[in-house]
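Both backbone and side-chain heavy atoms feed into the values below; hydrogens, waters and symmetry mates do not. Each chain gets a letter, A, B and so on, in the order its sequence line appears, and its residues count up from 1.
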Number of protein chains: 2
Amino acid sequence: MEDGANRRMSGKLQSELKKRMPFETPEQEALLNLVRTSDRIQFRFARLFREYGLTPSQYNVLRILRGEGSPLPCLEIADRMIAAVPGITGLIDRLEAMELVTRDRSTEDRRVVNVAITAKALELLGKLDGPVGDLHATLVGHLTHAELRELSRLLEKARKSLPE
Amino acid sequence: MEDGANRRMSGKLQSELKKRMPFETPEQEALLNLVRTSDRIQFRFARLFREYGLTPSQYNVLRILRGEGSPLPCLEIADRMIAAVPGITGLIDRLEAMELVTRDRSTEDRRVVNVAITAKALELLGKLDGPVGDLHATLVGHLTHAELRELSRLLEKARKSLPE
DNA sequence: TCGATTTGGTTGACGTGTAAACTATATTCG
DNA sequence: CGAATATAGTTTACACGTCAACCAAATCGA
């Protein structure tokens, strides 16, 4: 608690300094930069997907299914997304209603529900591949490959502090 | 469209390569790294805030109000968060119900609603300052200051491609 | 001055993320 | 075998975030 108290400034001093000292530490600045940049990027992708009637989560599910090439159980999908389990149910519900996936209860283990991608969804993803690649290029195409590698290295190093 | 078509691989080839080629391009790898790292970090902060009964958005609103030092109109708060306008109403509603902010309609312009932080909220933020600083250190403390500066530089350069 | 436009804010509908509790099927072990 | 436990998935409740539509106060302009 000593530690925490020392890091605090008095309210008055703090508000005086707020304008001329936007970041207290390089750690804070880097974290804020990271989160803000990620949010902006995700917003751009969300906008693109929406033009095709998809949300980012829905697109992710379809990408996972296409990448796998065969049906997957719900929990396997949940694992590959970072998302928590319960959200998957509704997500699959809506994809099923749009006829982009089908649900089939496994015969060998009647607890598992296998989710398969439909031809309609594959066609939709096909239409998205070009624009998605273009957006990648737009967003970070102005960084050199060396910079991109360095960025990935730093991000991976940052993630080292996170369990799992 | 030529461009997009060329970037696409046949389904068969693609599924064969999927396992041994997790990223098609350095651009994709960097973007995925960025989003994943940000998500993990935000999850950690969310967990911390939850221990104190706050969501990340609620904490952000309170931080903005404390930083400003005086009441702010709703739209000003919405501006400083990246969030869209309509979500602010409910956010303020809940903070008001928790007695962490007060709402007052301005007398000079009767359209604007000024939101003020309460003493109770200032006390709560005070208790969070230490742990929040500690978490910053935990998450990126193992990067050198040079690395943090380089990370911030690359992220800012990446954001250059984003309008605004 | 009065009608049109702008601006601050709210409401409603929908999709998502999270935690907690619950159902149903499998599995394990005494 | 049969009870305890684990696993796959769903439901419920709540907090967002987004869009579209809306209301009311303020401002602009002929």
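- As rounded to whole Å, 11 Å separates atom C1' of D/dA15 from atom CG of B/L95.
- In this structure, the CZ atom of A/R94 is 5 Å from the C1' atom of C/dG15, given to the nearest Å.
- Between B/R111 and the phosphate of C/dT7, there is no side-chain N or O to OP1/OP2 separation shorter than 4.0 Å.
- Phosphate proximity of D/dC16 to B/Q58: present, with a side-chain N or O under 4.0 Å from OP1 or OP2.
- Nearer the 5' end of DNA chain C, as judged by each residue's closest nucleotide, is the contact made by B/I92, out of A/P86 and B/I92.
- When distances run from any side-chain atom of A/D109 to the nucleotides C/dT25, C/dG15, D/dA26, the shortest one goes to C/dT25.
- In the set D/dG9, C/dG8, D/dC19, the nucleotide with an atom closest to the side chain of A/L75 is D/dG9.
- Look at B/R153 and B/E156 and you find no salt bridge, because none of the NZ, NE, NH1 or NH2 atoms lies under 4.0 Å from a carboxylate O.
- For the OP1/OP2 pair of D/dA15 and a distance below 4.0 Å, the side-chain nitrogens and oxygens of B/T55 include no atom meeting the criterion.
- Neither OP1 nor OP2 of D/dA24 sits under 4.0 Å from any side-chain N or O of B/R105.
- Among the heavy atoms of the strands, none lies under 4.0 Å from B/I88.
- Listed candidates were C/dG9, D/dA26, C/dG15. Nearest to the side chain of B/C74 is C/dG9.
- Atom pair A/F49:CZ and D/dT18:P shows a separation of 16 Å (rounding to whole Å applied).
- The environment of A/R103 atom CZ is dense: over 12 non-hydrogen atoms of other residues, nucleotides or ligands sit within 6.0 angstrom.
- Among the heavy atoms of the strands, none lies under 4.0 Å from A/R47.
- Here A/R103 lies in heavy-atom contact (under 4.0 Å) with sugar-phosphate atoms only.
- Note on B/E76 versus B/R80: salt bridge recorded, some NZ/NE/NH1/NH2 to OD/OE distance being below 4.0 Å.
- Distance from the side chain of A/P73 is smallest to D/dG9 among D/dA6, D/dG9, D/dT18.
- Regarding contacts with the backbone of C/dG17, a side-chain N or O of A/S57 is found under 4.0 angstrom from either OP1 or OP2.
- The CD-P distance, from A/Q42 to C/dT16, rounds to 14 Å in whole Å.
- A/V115 and A/V112 are not part of a single hydrophobic cluster, where members link through side-chain heavy atoms under 4.5 Å apart.
- Residue contacts shown for B/E108 are limited to sugar-phosphate atoms, with no base heavy atom under 4.0 Å away.
- At a threshold of 4.0 angstrom between heavy atoms, the contacts of B/T89 include nucleobase atoms, whether or not backbone atoms are also involved.
- Counting non-hydrogen atoms of neighbouring residues, nucleotides and ligands closer than 6.0 angstrom, the CD atom of B/E123 reaches no more than 12 such neighbours.
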